[in-house]
**Student:** 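The following block contains the structure, expressed as structure tokens.
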Number of protein chains: 2
Amino acid sequence: MARSALTRDGVLDTAAALVKEHGPDALTMRRLAAELGTAVTSIYWHVGNRESLLDALVERTVADLGTLRPRGGDPAERIVSVAALLRRALRDRPHLVAMVHERGLTERMFLPAQRALIHEAHAAGLRGARAAALVRAVQFQVVGHVLVERNRERSPTQSPAEPDLWGADTAPDTAAGTDADPELAAALAAPIDTEAVFTAGVRALVAGLLA
Amino acid sequence: MARSALTRDGVLDTAAALVKEHGPDALTMRRLAAELGTAVTSIYWHVGNRESLLDALVERTVADLGTLRPRGGDPAERIVSVAALLRRALRDRPHLVAMVHERGLTERMFLPAQRALIHEAHAAGLRGARAAALVRAVQFQVVGHVLVERNRERSPTQSPAEPDLWGADTAPDTAAGTDADPELAAALAAPIDTEAVFTAGVRALVAGLLA
DNA sequence: ACCTGAACACCGTTCAAGT
DNA sequence: ACCTGAACACCGTTCAAGT
């Protein structure tokens with residue numbers, strides 16, 4: 001990759017790819033150099049050191065979240081589309097997003113999405129504190145959902161498995177929680193179509209907030 | 001610390017303290033050995049290696065979240081108290097919680113809180129899907145809030161500062177978002193008493209879900 | 001202006017050896 | 001059963017030296 005002249009951008013590209021695929025720990029200066037086909041020390045000339053390299057990747061990620069184009073016929077649809085685009089963006093680069101968060105730039109990363117949401121809230125006739133509440137609610141919903149979703153994907157077999165946890169045939173103290181409520185047990189134990197849950201949740205939330 | 005005979009528990013105590021205060025990266029085997037006053041290699045006899053040491057710390061954290069005693073006169077109050085206790089527990093050990101999350105044990109960590117919430121939902125007469133919705137909603141609210149809160153504390157001076165972002169005197173494209181809505185701008189720009197926001201939010205959420 | 005290898009101070013881990 | 005130091009293969013970083 002990037003066989004020709006070594007560039008700062010080239011270094012960042014390869015570094016970003018490495019982090020996206022294997023996480024920040026996999027980004028060692030020696031491995032990056034090997035990937036780029038240069039000496040380890042050449043990298044330092046272009047990006048300073050490892051820390052500022054990571055900072056640059058974080059800056060890039062924040063910028064990437066700035067390109068957000070809502071779609072849909074009415075404000076409610078467009079708000080849902082913002083949420084969906086945000087979810088997609090966060091899911092695509094979990095490690096980089098985590099790095100943004102570690103550096104305290106989460107709020108700045110969410111700014112473009114916030115602006116889009118404000119715009120749609122106004123278009124829907126919502127103003128002031130109610131518009132602010134909508135912005136925060138959607139943002140929290142998306143972030144929370146992505147966190148839960150990532151977690152589920154990384155450990156498909158929960159320990160202990162959820163059916164065992166919520167089933168009616170388990171220990172007495174479990175019974176106190178769910179035994180008398182099989183519908184609840186089913187709701188919490190069933191395999192989840194997370195994308196469906198996501199859109200349904202956001203749609204309901206938005207409907208409620210615009211009502 | 002732990003001057004006498006080296007114990008597995010003693011190693012874990014010191015390691016946990018190190019992680020709580022300085023994060024997992026600060027937990028090097030050599031530093032831990034220095035803190036314990038032993039040879040680096042002695043630690044290996046007690047805990048295997050660094051990875052299983054971290055695993056043990058994660059197990060401890062999951063167990064710590066298991067001691068959750070709701071307080072309050074009615075279900076709504078007790079649900080709010082569960083949320084508050086959960087928030088406190090997550091805030092007290094952010095690094096350890098992050099490690100739990102990385103290992104895909106987040107759901108197991110939240111199980112005791114979920115059981116408590118289910119119990120209170122039932123006590124309030126909520127059953128089935130509505131009870132499940134309450135459990136998830138409260139959990140998301142707490143996690144989302146703690147994430148935002150942590151982020152704010154770690155970077156008290158946001159870049160760019162929020163007043164500049166939401167004020168009426170900034171660039172045209174900002175105006176498109178907020179200029180016509182000073183109350184919204186104020187709501188999003190004002191310094192936040194996060195604890196007040198938290199309890200107010202949870203109270204409103206619970207009231208809405210129990211109504 | 002850009003790239004290099006040698007060298008430094010770290011790191012986790014293994015292992016043979018002690019008691 | 002428990003602890004130790006030496007040694008290994010890593011790591012980020014500095015620096016003097018090359019072109």
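Note on naming: letters A, B, ... go to the chains in the order of the sequence lines (proteins, then strands), and numbering restarts at 1 for each one. No hydrogens, no waters, no symmetry mates; every other heavy atom, side chains included, goes into these values.
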**Student:** With side-chain contact (heavy atoms from CB on, under 4.5 Å) as the criterion, how do A:Ile118 and A:His122 come out once you've worked through the C-alpha distance, each side chain's angles and the decisive distance to 0.1 Å?
**Tutor:** CA-CA 6 Å; A:Ile118 291 170; A:His122 278 173; 4.0 Å; yes
**Student:** Side chain of B:Arg30 only, please: which of D:dG12, D:dC2, C:dC11 is the nearest?
**Tutor:**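 Output: C:dC11.
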**Student:** Under 4.0 Å: is that the gap between some side-chain N or O of A:Ser42 and OP1 or OP2 of C:dT4?
**Tutor:** yes
**Student:** B:Trp45 side chain: which of D:dC3, C:dT4, D:dC2 is closest?
**Tutor:** D:dC2
**Student:** Would you mind reading off the distance between B:Ile43 atom CD1 and D:dC3 atom C1', rounded to a whole angstrom?
**Tutor:**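 The distance from CD1 of B:Ile43 to C1' of D:dC3 comes to 12 Å, rounded to the nearest Å.
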**Student:** Which whole-number value in Å describes the distance from A:Arg8 CZ to C:dC3 P?
**Tutor:** 14 Å
**Student:** Measuring to OP1 and OP2 of D:dT4, would you say a side-chain N or O of B:Thr41 lies under 4.0 angstrom away?
**Tutor:**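 For D:dT4, OP1/OP2 do not have a side-chain N/O of B:Thr41 under 4.0 Å.
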**Student:** Report the distance from atom CG of A:Leu32 to atom P of D:dC11, rounded to the nearest whole Å.
**Tutor:**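 A:Leu32 atom CG is separated from D:dC11 atom P by 12 Å.
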**Student:** When you get a sec, tell me which of C:dG5, D:dC3, C:dG12 is the closest nucleotide to the side chain of B:Met29?
**Tutor:** C:dG12
**Student:** Could you spell out the base pairing of DNA chain C in dot-bracket, with Watson-Crick or G-U pairs whose two distances are under 3.5 Å, [ ] crossing and | to another strand?
**Tutor:** ||.|||||...|||||.||
**Student:** Please report the interatomic distance CG(A:Leu96) to CG(A:Leu54), rounded to the nearest 0.5 Å.
**Tutor:**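 Result: 9.5 Å between the selected atoms.
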**Student:** In whole Å, what is the span from the CZ atom of B:Arg31 to the P atom of C:dC10?
**Tutor:** 13 Å
**Student:** How long is the straight-line distance from CD of A:Gln114 back to CD of A:Glu107, given to the nearest 0.5 Å?
**Tutor:** 7.5 Å
**Student:** Can you work out whether A:Ala39 or B:Gly48 has the more 5'-proximal nearest nucleotide on DNA chain C?
**Tutor:**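 The residue closer to the strand's 5' end, by nearest nucleotide, is A:Ala39.
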**Student:** Measure CG/B:Leu36 against C1'/D:dC2 and give the value in whole Å, please.
**Tutor:** 15 Å
**Student:** Restricting to side chain to side chain donor-acceptor pair (under 3.5 Å), what partner residues turn up for B:Glu21, sequence neighbours left out?
**Tutor:** none
**Student:** Could you check which residues of residues 21-28 of chain B get a heavy atom under 4.0 Å from DNA chain C? Sort them by number, please.
**Tutor:** B:Leu27, B:Thr28
**Student:** Which atoms form the tightest heavy-atom contact between B:Leu68 and B:Ala113, and what is the distance?
**Tutor:** CD2-CA, 4.2 Å
**Student:** Going by an N to O cut-off under 4.0 Å, is there a salt bridge joining B:Arg108 and B:Glu59?
**Tutor:** yes
**Student:** Roughly, in whole Å, what's the span from CD in A:Glu51 to P in D:dT13?
**Tutor:**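 After rounding, the gap between these two atoms is 8 Å.
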**Student:** Let's see if you can work this out: which of C:dC3, D:dT4, C:dT13 has an atom nearest to the side-chain heavy atoms of B:Tyr44?
**Tutor:** C:dT13
**Student:** Between A:His46 and C:dA1, does any side-chain N or O lie under 4.0 Å from OP1 or OP2?
**Tutor:** no
**Student:** For the pair B:Glu51 and B:Arg103, find out whether any cationic side-chain nitrogen is under 4.0 Å from an anionic carboxylate oxygen.
**Tutor:** yes
**Student:** Scan side-chain atoms only and decide if A:Thr194 and A:Glu149 contain a donor-acceptor pair under the 3.5 Å cut-off.
**Tutor:**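 Yes, side-chain donor-acceptor contact under 3.5 Å.
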**Student:** Does the side chain of A:Ser52 come under 3.5 Å of the side chain of A:Asn49 through a donor N or O and an acceptor N or O?
**Tutor:**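 Result is yes, a qualifying pair exists.
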